[in-house]
Every structure is written in structure tokens, then in C-alpha cells.
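Here is the structure we will look at.
So you know, we letter chains A, B, ... as the sequences are listed, proteins then strands, and number each from 1. This is a predicted model, so every value here is computed, not measured.
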Protein chains: 2
Amino acid sequence: MRKGEISKAVIRRLPRYYRYLGELLQNGVVRISSKELSERMKVTASQIRQDLNNFGGFGQQGYGYNVEYLHEEIGKILGLDVTHNMIIIGAGNLGQALANYNFEKVGFHLIGIFDINPRFEGVSVRGIAIQMLDTLEDFLSEHKVDVVTLTVPKRPAVDLAHHLVDLGIKAIWNFAPTDLNLSEDVCVKNVHLNESLMTLSYEYRAKHSGEARDE
Amino acid sequence: MRKGEISKAVIRRLPRYYRYLGELLQNGVVRISSKELSERMKVTASQIRQDLNNFGGFGQQGYGYNVEYLHEEIGKILGLDVTHNMIIIGAGNLGQALANYNFEKVGFHLIGIFDINPRFEGVSVRGIAIQMLDTLEDFLSEHKVDVVTLTVPKRPAVDLAHHLVDLGIKAIWNFAPTDLNLSEDVCVKNVHLNESLMTLSYEYRAKHSGEARDE
DNA sequence: GTATTATTGTTAATAAAATGACATATCCGC
DNA sequence: GCGGATATGTCATTTTATTAACAATAATAC
């Protein structure tokens with residue numbers, strides 16, 4: 001790992017810190033020590049301190065961390081203070097469900113929904129009209145789109161993703177059950193629900209195998 | 001790590017192997033070496049071999065791995081050969097989207113959908129009537145339910161999860177943006193979409209900060 | 001103000017994961 | 001069948017991640 005680069009394991013933990021700090025903030029907690037936070041979160045205090053110190057010293061010896069300040073700083077680290085314009089491609093059940101989700105609070109602003117299927121023509125979700133996919137190129141030339149949420153089937157996903165990259169898209173939140181294999185400078189975050197279920201299946205078997213199942 | 005126990009990192013990789021092998025199988029590929037698979041998957045051959053050898057020797061020197069056999073064996077390891085009965089609690093957009101998903105092929109059979117909101121009374125999704133949450137206890141006494149998919153808001157999620165555990169549920173697929181803190185013998189798999197987006201946001205900033213944004 | 005306690009930031013030690021190396025076994029062409 | 005090529009399974013090494021230790025610093029009580 002190059003010096004100054006932060007490991008992915010650390011990044012993956014940040015949102016959870018952010019969430020806990022947000023809850024503390026709501027509960028009116030003003031300060032917290034790494035020790036107490038570690039007990040609530042069931043991680044080691046050492047890990048919290050080391051994770052945070054990748055980004056700078058946010059605490060004070062003998063005092064701990066100011067909840068509001070730390071919450072805000074982690075938010076900045078995660079880039080939640082910047083608004084990203086997002087579109088959803090794929091207006092099926094999952095796409096529509098995500099469209100109804102409120103991602104504004106983590107800085108994502110939904111400005112369009114697209115699908116290839118004409119049956120969605122005229123349909124709106126959350127006040128946003130579903131547009132036909134062949135109008136996407138025009139749309140992209142008129143609007144700055146930072147992130148594409150991809151909720152299309154596996155088959156079209158890969159080609160579509162490459163097309164999006166050609167059109168200048170730099171970040172994809174991918175729900176299609178496939179790897180996209182895009183160039184290095186494009187951010188891809190996969191959400192593979194199938195695979196999540198499979199690991200649950202594994203764990204379930206591992207923990208409960210051999211137990212009676214009387215029916 | 002206790003001897004004989006498999007690390008979570010290995011388990012998380014298994015579904016991806018399974019997916020690639022499934023595709024190879026569909027394409028009529030009969031055998032594959034760790035080297036070739038590693039090139040396709042962009043991981044090291046060493047990792048593939050070591051991961052697989054946690055569970056036994058599935059390959060043959062000088063030959064490689066039989067695709068169909070390995071695919072099936074990984075499926076068994078993941079427990080995909082066993083059918084799990086699943087219910088969804090929370091019939092909002094996400095719950096309904098998941099209900100429409102086809103998880104049968106990874107061994108999950110949806111047998112019920114529940115919600116507390118009377119507006120869902122009489123509504124069906126994929127032929128399954130949404131039932132009122134207060135009938136859940138009766139339902140559980142009449143049906144063997146292995147896994148609960150939890151797509152309810154944060155607030156009720158924790159108490160509901162504890163209640164489910166009291167009723168004998170041993171595995172929860174949790175989409176609520178909170179930790180459930182259940183006893184050790186309950187399997188919990190979290191899908192925190194917010195947090196996924198936050199890490200995307202981080203990466204986006206990290207990769208594209210400083211770039212001009214002329215509008 | 002001073003002593004005591006609390007708690008960080010950081011370095012050191014340990015543990016875990018990933019990679020590399022290689023001996024051994026199997027295949028395949030001839 | 002023999003020999004070279006192939007590719008596994010496993011052990012050794014390296015790298016990465018986590019945990020522990022502690023010196024330095026700030027807060028708090030008196």
C-alpha cells in the first residue's frame with residue numbers, strides 16, 4: 001500500500017462510525033472516548049483511534065472526542081458534504097425502490113430514472129418521470145451526472161456500463177449480478193444481493209447444522 | 001482463529017467463484033485451471049487454490065478443476081442445495097422489490113410477507129398476500145421459517161429482531177440501517193445501502209478530487 | 001496551582017491474509 | 001510407455017491488518 005493511501009478496510013468502517021456518532025448526537029451526547037465508543041460498537045478502542053488517525057487527530061487527550069465535530073469531520077472525509085447528481089438506470093422493482101429511498105442525506109440527489117422498456121413511458125416515481133433509455137445521451141449532455149445506479153439485468157449491464165463510461169460517467173453503483181470490468185479511474189461499488197444471501201446461507205448451515213428439524 | 005474455522009474473507013469470495021463457474025458452465029467450458037480462472041477473475045491463482053483447499057482438494061494435478069463438479073461443490077459448501085423458508089417483514093418499496101426477486105435459485109423460498117400498516121391488507125406481491133404483523137406469531141407456529149428478511153425502518157427494527165429471536169428465528173437478512181445486537185447463535189447479515197453509497201462517495205472524491213467541474 | 005486521572009496519538013507486537021515457491025502428481029503427445 | 005509440460009496442494013514468505021502498550025498531554029478535583 002502506497003504511503004498516504006488508506007486501506008479499504010478502514011473506509012468500510014467509517015460509515016458505521018458516522019452512524020453511531022449521528023445517534024449520539026441526536027441523543028445529546030457531547031463527548032465520547034474511544035473506549036466508550038468501542039464498547040457500544042463492539043470493536044477495540046485501538047482500532048477506532050488508529051482508524052481516525054489516518055485522517056488526523058480529531059480528539060484531545062484526557063477529554064476524548066467531541067461528538068458533533070467528529071461526526072462532521074467523518075462526514076467530510078466520506079464526501080457527504082458534497083452533493084452528487086445521480087440517475088437510476090433500470091426502473092424495475094429494485095430501481096423504483098431505490099428511487100423512493102432518501103439518499104439526499106448522504107449527498108445523493110436523484111435527477112433521472114431511465115429504462116428501455118416502453119411500458120414505463122409516462123410512469124413517474126417520486127415525481128420523477130421514467131425516461132426512455134435512448135434519450136440518455138441527450139440527458140447526459142444537458143445535465144451533470146456524477147453517479148449512475150445500475151439496476152438492470154445481468155445481460156445488458158456490462159455493455160451498458162462501458163457505454164456509460166464512454167459518455168463520461170465516473171461512478172457506478174452496480175446492482176447487477178456481474179463484474180463490470182471498467183477502467184481504473186471509474187468508481188464501481190457492487191451490491192450483490194445474491195451473494196449476500198449466499199454467505200448468510202453458509203453461516204446458517206455452519207451454525208445450525210446437525211440440529212434437529214422435526215417436521 | 002480456531003483451527004478448522006474458515007475465515008470470513010474466504011466465505012465472502014465463494015459466491016464470486018460460484019458465479020464465475022456458473023458462467024463457465026453455461027458456456028460449455030468443461031475444465032479450468034486456477035491460473036486461467038485467476039486471470040478472468042483478476043485475483044491470484046494462489047488465492048483460488050488456497051481458498052478451495054480450505055474445503056478439500058477439488059482439482060487434479062496436470063488437469064485443473066472440473067467446472068461442473070467444482071461449481072456444484074461450492075454450491076454445497078454455501079448450502080445452496082438446501083431450501084430455506086423465508087419471510088419478508090416490511091412491505092415497503094424495498095420489501096416488495098425483494099419479494100419480486102428470484103432467490104429460489106440460491107435456495108430461498110419466500111412463504112410470507114408481513115407489514116404493520118393496514119394499507120397493505122389485501123395486497124399481494126408475486127401471488128403472496130401481505131399479512132398483518134400481529135398474525136406473525138401464529139404464522140410462525142404453523143410454518144417453519146428459517147430466515148427473516150427485515151425491511152422495516154430503523155426504529156422498530158431492533159425490538160422486532162429481538163422479538164423474532166424470542167420466537168425462534170435463527171437468521172436475519174437485515175436491511176434496516178442499524179445493528180441488531182442479537183445473541184451469538186443467530187445469523188445476521190446486514191445490507192446497509194446507505195453505507196455502500198457512502199463508501200462510493202469516498203472513493204469518488206478520492207479519485208476525482210481537484211478535477212474541474214465546469215458548470 | 002498541583003496532583004491525579006483520563007485519554008489520546010503513535011509506536012511496537014501480534015495475528016491474519018495474501019502471495020510466492022516448489023515438490024508431487026497427472027496429463028498428453030509421440 | 002516415456003518425457004516434457006501442466007497444474008495442483010501445501011508450505012514458506014511477505015504483506016497487511018489488528019491489537020496492545022505507553023509516553024505525552026490535557027482535563028479535573030481539591
Side-chain angles (χ1 to χ4, degrees), chain A residues 1-17 20-21 24 29-74 77 199 202 206, chain B residues 1-17 20-21 24 29-74 77 199 202 206:
Chain A
M1 180 152 298
R2 288 194 301 283
K3 193 195 154 205
E5 202 168 341
I6 312 289
S7 93
K8 285 197 178 173
V10 174
I11 303 308
R12 272 197 300 270
R13 285 192 290 266
L14 290 182
R16 189 154 175 264
Y17 296 142
Y20 271 81
L21 289 164
L24 288 168
V29 177
V30 173
R31 75 183 228 195
I32 194 159
S33 68
S34 61
K35 182 162 179 289
E36 198 193 332
L37 187 58
S38 77
E39 282 159 7
R40 289 175 185 256
M41 296 186 64
K42 304 193 201 304
V43 298
T44 63
S46 201
Q47 182 161 76
I48 292 174
R49 293 206 298 279
Q50 196 158 102
D51 281 353
L52 296 178
N53 277 76
N54 280 296
F55 305 97
F58 301 117
Q60 212 164 6
Q61 282 144 326
Y63 176 86
Y65 299 88
N66 177 285
V67 172
E68 185 173 3
Y69 173 67
L70 186 56
H71 181 256
E72 192 173 311
E73 287 302 311
I74 294 178
I77 292 166
T199 59
Y202 173 87
Chain B
M1 179 150 298
R2 288 195 300 282
K3 194 195 153 205
E5 202 169 340
I6 313 291
S7 93
K8 284 197 176 173
V10 174
I11 304 307
R12 271 198 299 270
R13 286 193 289 267
L14 290 181
R16 189 154 176 264
Y17 295 142
Y20 271 82
L21 290 164
L24 288 167
V29 177
V30 173
R31 75 183 227 195
I32 194 158
S33 67
S34 59
K35 181 160 180 291
E36 198 191 334
L37 187 57
S38 77
E39 283 158 5
R40 289 173 185 256
M41 295 186 64
K42 305 193 197 308
V43 296
T44 63
S46 200
Q47 181 162 76
I48 293 174
R49 293 206 298 278
Q50 198 160 100
D51 281 352
L52 296 179
N53 277 77
N54 280 297
F55 304 97
F58 301 117
Q60 212 163 8
Q61 282 144 325
Y63 176 85
Y65 299 89
N66 178 284
V67 172
E68 185 173 2
Y69 174 67
L70 186 56
H71 181 256
E72 191 173 311
E73 288 300 312
I74 293 178
I77 292 166
T199 60
Y202 173 86

Value in whole Å for how far the P atom of C/dT8 lies from CD of A/Glu36: 11 Å
Quiz item: B/Gln50 side-chain donor-acceptor pair to C/dT19 base, under 3.5 Å: yes
Residue list, side-chain contact (heavy atoms from CB on, under 4.5 Å) with A/Glu68, at least two apart or on another chain: A/Leu25, A/Asn66
Any donor-acceptor pair under 3.5 Å from A/Arg16 side chain to A/Met41 backbone: yes
Short side-chain N/O contact to C/dT7 OP1/OP2 from A/Ser34, under 4.0 Å: no
Distance, rounded to the nearest Å, where B/Asp51 contributes CG and D/dT8 contributes C1': 15 Å
N/O (side chain, A/Ser46) to phosphate O (OP1/OP2, D/dA20) under 4.0 Å: no
Nearest heavy-atom neighbours spanning A/Phe58 and A/Leu52: CE1-O, 3.6 Å
D/dT6 OP1/OP2 closer than 4.0 Å to side-chain N/O of B/Tyr65: no
Nearest-nucleotide comparison on DNA chain D, the residue closer to the 5′ end among B/Gly56 and A/Arg13: B/Gly56
For atom NZ of A/Lys8 and atom P of C/dA18, their distance in whole Å: 13 Å
Side-chain-base donor-acceptor pair under 3.5 Å for A/Gln61 and C/dT8: yes
From OH (B/Tyr65) to CG (B/Leu70), nearest 0.5 Å: 7.5 Å
OH on B/Tyr20 to CG on B/Leu37, rounded to 0.5 Å: 8.5 Å
Selected nucleotide, minimal atom distance to A/Gln47 side chain, candidates D/dT19, C/dT7, D/dA7: D/dT19
Protein-nucleotide distance (B/Lys42, atom NZ; C/dT19, atom P), rounded to Å: 15 Å
Phosphate OP1/OP2 of C/dC27 contacted by B/Gln60 side-chain N/O (<4.0 Å): yes
Angle between terminal axes - the helix from C/dG1-D/dC30 to C/dC30-D/dG1, 5 pairs each end, rounded to 10°: 20°
Main-chain N/O of A/Ile48 paired to A/Asp51 side chain as donor or acceptor, under 3.5 Å: no
5' priority, DNA chain D, between A/Arg49 and A/Gly62 [closest heavy atom]: A/Arg49
Length of the line joining A/Ile48:CD1 and C/dT10:P, which is rounded to integer Å: 17 Å
A/Asn54 CG to C/dT10 C1', straight-line distance once rounded to whole Å: 12 Å
Between P of D/dA27 and OH of A/Tyr63, the distance in whole Å: 9 Å
Any B/Ser7 side-chain N or O less than 4.0 Å from OP1/OP2 of C/dA17: yes
Whole angstrom value for the distance that separates C1' of C/dA25 from CG of B/Asn53: 14 Å
N or O in side chain of B/Arg31 less than 4.0 angstrom from C/dT26 OP1/OP2: no
